[in-house]
Amino acid sequence: MSLSAAAALAAASLAAPAVAAPQPASPQNEVPMVEGVQYVATVEGISEYRLPNGLKILLFPDVSRPTVTVNCTVFVGSRHEGYGETGMAHLLEHMVFKGTPTFEDVPKELKDRGAVFNGSTWLDRTNYYETLPASEENLEFAIHLEADRLVNSYVKQEDLDSEMTVVRNEFERGENSPSRVLMQRMLATAFEWHNYGKSTIGNRADIERVPIQNLRAFYEKFYQPDNAMLIVAGSFDPVKALQYAKEHFGAIEKPTRVLPTTYTEEPPQDGERTVILRRVGDVAQIGAVYHVPAGPDPSFAAVDVLESILTDNPSGRLYKRLVETKRAASVSGGTFALHDPGVLLFTAEVAAANDPKDVLRAMLDVTESVPAEPVTEEEVARARARLLARRERAANDTSRIAVQLSEWSAQGDWRLYFLYRDRLEEVTAEDVQEVAARYLQSDNRTAGLFLPTEEPQRIEIPARPNLAEMLKDYKGRDVAAAGEAFDPAPEAIEARVIRTVLPSGLKVALLPKQTRGETVDARLSLRYGNEETLQGLSGATNLLGPLLMRGTEELTKQQIQDRLDELQAAIRAGGSDGTLTFTITAKRETLPAVMDLLGEVLESPTLPAEELALLKQATVARIEAGKSEPQTLAPTAVRRALSNYPDPADPRYVPTPEEQVEMISAVTPEQVAAIYNTLLTDATGELAVVGSFEPDAVLELAEEHLTGFGAADAPSFARLPQVPNPDAPAGDTNIVTPDKKNAVYYAALQLPISEEHPDYPALMIGNYILGSSGLSSRLGDRVRQQEGLSYGVGSQLSPRAKDDLTTFGLFAITNPANVPKLKSVIREEVDRLIAEGVTAEEVAAAKTSYLQKQRVSRASDSTLAATLGSQLYHDRTMAFTAEQEAQVAALTAEQVNEALEKHVDPAKLYVAVAGDFDTSAGEVTEDGVE
């Protein structure tokens, strides 16, 4: 599947525009027009416009989502960086969150409106997006913000001083991952000259030493309207959007500078290349990359299909050759769809007791034997169906499309998003065989093993196609079915929800609504067992869900997956002790068939022993990979210290990674079968369905397909209670993780209250102010913005719905040398919160931000389904949510301060920090390394 996380035009597409000359709408009165804004083209409901200063605008109205997403893409990525400038595009991504004269505190401005926001940098582009509750005020705010920070961001020395250490911390976090480093080493070796071989995050020295005047010059050169695209998607008035874009972006003068074009081309590779990485870790990794054409190339869809044929689970050739033979714990792959020729990537985790070199040879035998062992029409049809199904599911979420369009635009033109789909539908076995024969050659490969040859091959990669010619007459297809305007207020949702109980005992909540693409999201949770019957079964209960999806009396695992792809649907199974959960994504027309399939999975599973062995192997490999990782060890140490359940057989016990491995390894087919045959029942559980469907029809389907299975004499389900540990320790501990250049801080304490406690809303807002609101919070402001100690820092409040147990937690990452100062700064902020309290202004802003963010969250149908299902389990309705939000809205600073002082005692925090604390490079002081 395309890792299209790259795309940034730059001057190449500016010098020769990828779109044809502006064309009139047909009929013209169907396309919103604003004087002074040039209309360019419309494809399947998405319209392009252009301002006189060069700014491109894409509008994608969708009234079915009560949110609006504004995305600003700047066509600059690591491809455009020169000598000494590596990481500059990514560093600027951080810097434009530092404010402008108009928007002094960008994160706070966004938080106050309940926005979900972020920025990202890749090889060809940088983008910034925010999703907010739909309103005219929010639409103008987001467009004004993006226009302002495009050209008016401070880019000051003092901000660089703090943010440089944050970015360096992010760099160090990546250095902790052997698989990530191995991939970067392979890319650096595969690309000798092109910047695609350089990491987007940059060179450490460049990050640390970049002069502010160089960074500002880079900003002023690339951050201009003629090198940017504004994308607006969701529920909004297109005319208003164009007017706001004209007012705020149009006021920016067109720059007089001419952007340089990137012209470096990677020459054909002239022999296999080898990368050997030696680092501390627990699981060996292997990989291989092959050069392939640019994303716009007509053959790229065939390359995507080829990757899927090789890596898909369970049909993929690599999966069958490596995973099913237990040589590898997992395999994965991806294609880099880029502005210039990219790569096809394969990776694998080596299973225990296997020689990595042997596994690599086996991988290369599979990939490079495709030219001699042709792909079949069945393989192509399966891969094509899966890729199209994934695309179709994503296409119904306009907030995701708004961000995805930036990737295609960065390849040269946003209409490639549709053209790629058309090409994918037409891919044949002959097409796939042709790209396999051309590119899967040893002399075009970079891997972890050097194999010389006497006859080197030169694999010529096609030149970038002429997009203007390719797309000049492209019209696309009919616009997808639109949804209805939806009010995410709790009271409005409650008025629409239908609740009932099936004769089996299954509780049901239905929320019918018209959605874009007539999509449906559902969540089925089945409850089983009790404290006595679940003893010693934690490993088996975790594997039950995935194993159920791996075969029935009538269908194999592959046939189940093929059927879901054919239906353009998905069923994901999971669970833990006493709970089995299925999340379902389908369409109105396919929902009956999907529920029929799920019914078959529940009624006649085969629980195949060979698939259980593969599940155990993959699960153990994931656990093993985390055994030396700080992000695993620090939280685990804290959770174990606070746990009130010391018996390893108890389902509430917190195991070490080593114990997890033993627990999973010990699972037998008989254990899993016993859970299904003696504990699982249709009598207790919840089904929540949200989307385009007929309620009566869904109730009939549920009664027909989701009941009538399980043990008739199964013991009654009883919820596993959780209570605080009265002897929970305080203090801190350090965990040494050699060769991990990023340390992880985690701290927590337990509060003897439930989510229904009268003080919980006040504690939640206090925690929101402290750190759960993200970048714009007390911890974010102090630890990241001012001190530059951490890329990621925050706090969290994790309540139980019915039990008197809520966990207050703190987390951060940092350089190991900065751990003493990080601990001190975080403790200072927590102490200050309790001692000095919060202000009325902070509480007012936090309440507005929190409540707006809840509206954004409820705009997601999958989130709504999970919420309604949880409410069924806890005997609640949306009235509980409405009441809690009303309590939040009524809070005063005095109430928040009283609750914090009453319940949160910083002296009771248990702190764990994991990292490489080798101080041989210098003496560790309170301020770092001297």
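What you are looking at is a predicted structure, and each value in this text was computed from that prediction instead of being measured. Throughout, residue positions are numbered sequentially from 1 according to the sequence presented.
Glu611 and Lys557 are joined by a salt bridge, as a carboxylate oxygen and a charged side-chain nitrogen come within less than 4.0 angstrom of each other. Asp650 and Arg652 are joined by a salt bridge, as a carboxylate oxygen and a charged side-chain nitrogen come within less than 4.0 angstrom of each other. Between Arg640 and Glu659, at least one side-chain nitrogen of the basic residue sits less than 4.0 Å from a carboxylate oxygen of the acidic one, meeting the salt-bridge criterion. The existence of a salt bridge linking Arg423 and Glu426 is excluded, since no basic side-chain nitrogen approaches an acidic carboxylate oxygen closer than 4.0 Å. Ion pairing of Glu378 with Arg382 is present here, as a side-chain N (NZ or NE/NH1/NH2) and a carboxylate O approach within less than 4.0 Å.
With hydrogens and angles disregarded, a donor-acceptor distance shorter than 3.5 Å links the side chain of Ser177 to the backbone of Arg180. Not one N or O on the side chain of Glu624 forms a donor-acceptor pair closer than 3.5 Å with the backbone of Ala621. With Gln433 contributing its side chain and Val375 its backbone, the two residues share a donor-acceptor pair below 3.5 Å.
Looking at residues two or more places apart in sequence or on another chain, you find no ring pair (Phe, Tyr, Trp, His ring centres under 6.0 Å) involving His705. Leu182 meets the side-chain contact (heavy atoms from CB on, under 4.5 Å) test with Met186, Val275, Leu277, Gln285; sequence neighbours excluded.
Sorted by first and then second residue, the pairs that involve residues 674-686 and meet side chain to side chain donor-acceptor pair (under 3.5 Å), not counting sequence neighbours, are Arg527-Glu686.
Note: Arg563 CZ to Thr590 OG1 = 9.0 Å, rounded to the nearest 0.5 Å. Rounded to the nearest 0.5 Å, atoms CG (Leu387) and CD (Glu425) are 11.5 Å apart. Atoms CZ and CG, on Arg391 and Leu424 in that order, are 8.5 Å from each other to the nearest 0.5 Å. The structure places CG of Leu580 at 10.0 Å from OG1 of Thr541, a figure rounded to the nearest 0.5 Å. Asp562 CG to Thr556 OG1: the interatomic distance, rounded to the nearest 0.5 Å, is 7.5 Å. Distance check: Arg523 CZ to Leu864 CG gives 12.5 Å after rounding to the nearest 0.5 Å.
With no hydrogens or angles considered, a side-chain donor-acceptor pair links Thr552 and Glu600 at under 3.5 Å. Checked by atom type, the side-chain pair Glu368/Tyr290 shows a donor-acceptor distance below 3.5 Å. Side chains of Thr189 and Thr446: a donor-acceptor N/O pair is absent below 3.5 angstrom, by distance only. A donor and an acceptor atom, one from each side chain of Asp312 and Ser315, are nowhere located under 3.5 Å apart. One side chain, Thr311 or Glu307, offers a donor N or O that lies under 3.5 Å from an acceptor on the other.
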